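To start, the structure under review is shown below, and the notes come after it.
As the structure is a prediction and not an experimental result, all values here were calculated from the model.
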Amino acid sequence: MAKPKKKADLSTEEKIKQAARKVFTQKGYAATRTRDIAEEAGINLALLNYYFRSKEKLFEMVIMEKMQVLLGKVGPILMDEKTSIEEKVESVAEHYIDTLMSNPDIPLFVLGEIRSNPDKFANLVKTKTNITDSALFKQLAERRPDIDPLHFIFNMLGLVIFPFIGKPLIQLITGLGPNKAVELMNERKKLIKTWFIAMLNAS
């Protein structure tokens with residue numbers, strides 16, 4: 001009897017996690033109630049509280065998952081002293097575009113939470129990689145000592161992330177369909193490296 005009960009418990013916990021991911025992404029932290037998550041999971045509030053004592057605990061779980069998806073593979077790329085700037089930019093662009101195409105809700109969700117709950121977000125997210133200590137930052141400083149490397153970092157992130165943040169506006173003013181959007185983003189993986197290197201070499 002014990003084993004079936006354990007499987008049922010794990011299933012319930014996963015239902016709660018899935019519901020939390022959906023509701024927090026749709027409503028944000030402030031507008032979400034634990035009751036909303038319980039209803040989405042199809043369970044009563046008491047059962048949700050049995051697994052997760054507070055909304056904060058569930059939010060922490062969701063944020064950490066999304067930040068791991070967003071940043072987990074980027075740190076090692078930036079810190080790799082054996083690869084060139086060109087190789088790093090290409091790898092970062094490919095990783096971010098693939099990740100955001102599969103998880104298009106992440107940029108707006110994360111930015112919305114940073115804006116609405118900056119203190120809570122800062123306390124939850126502790127990035128192990130400080131970009132100013134990265135191999136990429138040092139390489140950029142050596143290549144272009146006349147320009148603060150952060151300008152190049154900002155440009156790279158903007159080239160990758162803006163199409164996803166600006167998606168509603170882009171669709172409105174261009175009528176861009178989903179198939180064309182996928183085609184453009186796949187093309188963009190290679191173009192970002194070309195544009196970035198052009199900026200790096202510009203006089």
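- Within the 4.5 Å cutoff, the side chain of Phe164 has heavy atoms near those of the Met185 side chain.
- Between Asp80 and Thr83, the closest side-chain pair of non-hydrogen atoms falls below 4.5 Å.
- No donor-acceptor pair closer than 3.5 Å links the side chain of Asp148 to the backbone N or O of His151.
- In terms of the salt bridge (charged side-chain N to carboxylate O under 4.0 Å, His left out) criterion, Glu94 has no residue partners (sequence neighbours excluded).
- Cluster note: Leu184 groups with Phe162, Ile170, Leu176 through ILVMFWY side-chain heavy atoms spaced under 4.5 Å, whether in direct contact or through intervening members.
- With rounding to the nearest 0.5 angstrom, the CD atom of Glu90 is 9.0 Å from the OG1 atom of Thr194.
- A distance of 8.0 Å separates CG in Asn186 from CD1 in Ile97, rounded to the nearest 0.5 Å.
- Arg144 contributes a side-chain N or O that, together with a main-chain N or O of Ala202, makes up a donor-acceptor pair within less than 3.5 Å.
- In this structure, OH on Tyr96 lies 11.5 Å from CD1 on Ile192, to the nearest 0.5 angstrom.
- Proximity of Thr25 to Lys66: side-chain heavy atoms (C-beta onward) are separated by under 4.5 Å at one or more points.
- Distance CE/Met156 to NZ/Lys193: 14.0 Å, rounded to 0.5 Å.
- Heavy atoms only, all atoms of each residue included: Phe152 and Phe196 are closest at O-CE1, 3.2 Å.
- Residues Lys88 and Leu78 approach most closely at CE-O, 3.5 Å, considering heavy atoms.
- For the residue pair Pro163 and Leu159, the shortest heavy atom distance occurs at CD-O, 3.7 Å.
- In this structure, Glu87 contributes its side chain and Ser84 its backbone to a donor-acceptor pair below 3.5 Å.
- Looking only at side-chain heavy atoms (C-beta outward), Tyr29 and Ile63 stay at 4.5 Å or farther from each other.
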In sequence, state the C-alpha distance, the side-chain angles, and the governing distance for Val89 and Leu200, and then conclude on side chain to side chain contact (heavy atoms under 4.5 Å, CB included). CA-CA 12 Å; Val89 171; Leu200 191 62; over 6 Å; no
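- Using a 4.5 Å heavy-atom cutoff, the side chains of Asp133 and Phe137 are not in contact.
- The salt bridge (charged side-chain N to carboxylate O under 4.0 Å, His left out) search around Arg33 returns Asp36, not counting sequence neighbours.
- Put simply, the side chain of Leu136 reaches to within 4.5 Å of the side chain of Ile153, judged on heavy atoms.
- Judged by distance alone, with hydrogens and angles left aside, the side-chain atoms of Glu187 form no donor-acceptor pair with the main-chain N or O of Val182 at under 3.5 Å.
- Leu45 and Tyr51 fall into different hydrophobic clusters, where Ile, Leu, Val, Met, Phe, Trp and Tyr residues are linked whenever their side-chain heavy atoms come under 4.5 Å apart, directly or through other members.
- By the 4.5 Å side-chain criterion applied to Ile, Leu, Val, Met, Phe, Trp and Tyr, Leu172 is assigned to no cluster and stands alone.
- Asn201 places a side-chain N or O within donor-acceptor distance of the main-chain N or O of Ile197, the cut-off being under 3.5 Å.
- Across all their heavy atoms, Ile16 and Leu58 have their closest contact at CG2-CD2, 3.9 Å.
- For Lys180, the salt bridge (charged side-chain N to carboxylate O under 4.0 Å, His left out) partners are Glu183, not counting sequence neighbours.
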Salt bridge (charged side-chain N to carboxylate O under 4.0 Å, His left out) assessment of Glu13 paired with Lys17: CA-CA 6 Å; Glu13 184 174 350; Lys17 289 180 179 180; 3.7 Å; yes
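- Within a 6.0 Å sphere centred on NZ of Lys189, heavy atoms belonging to other residues, nucleotides or ligands number more than 12.
- Residues Tyr50 and Ile43 are members of one and the same hydrophobic cluster, defined by side-chain heavy-atom contacts under 4.5 angstrom among Ile, Leu, Val, Met, Phe, Trp and Tyr.
- The two residues Gly28 and Glu113 have their closest heavy-atom pair at CA-OE2, 3.1 Å.
- Residues Phe24 and Ile37 meet the side-chain proximity criterion, which asks for heavy atoms closer than 4.5 Å.
- Heavy atoms only, all atoms of each residue included: Leu48 and Ala38 are closest at CD1-N, 3.6 Å.
- We find the NZ-CG distance between Lys55 and Asn49 to be 12.5 Å, quoted to the nearest 0.5 Å.
- Atoms CE and CD1, on Met79 and Ile131 in that order, are 10.0 Å from each other to the nearest 0.5 Å.
- Residues satisfying the salt bridge (charged side-chain N to carboxylate O under 4.0 Å, His left out) criterion with Arg21, sequence neighbours excluded, are Glu14, Glu65.
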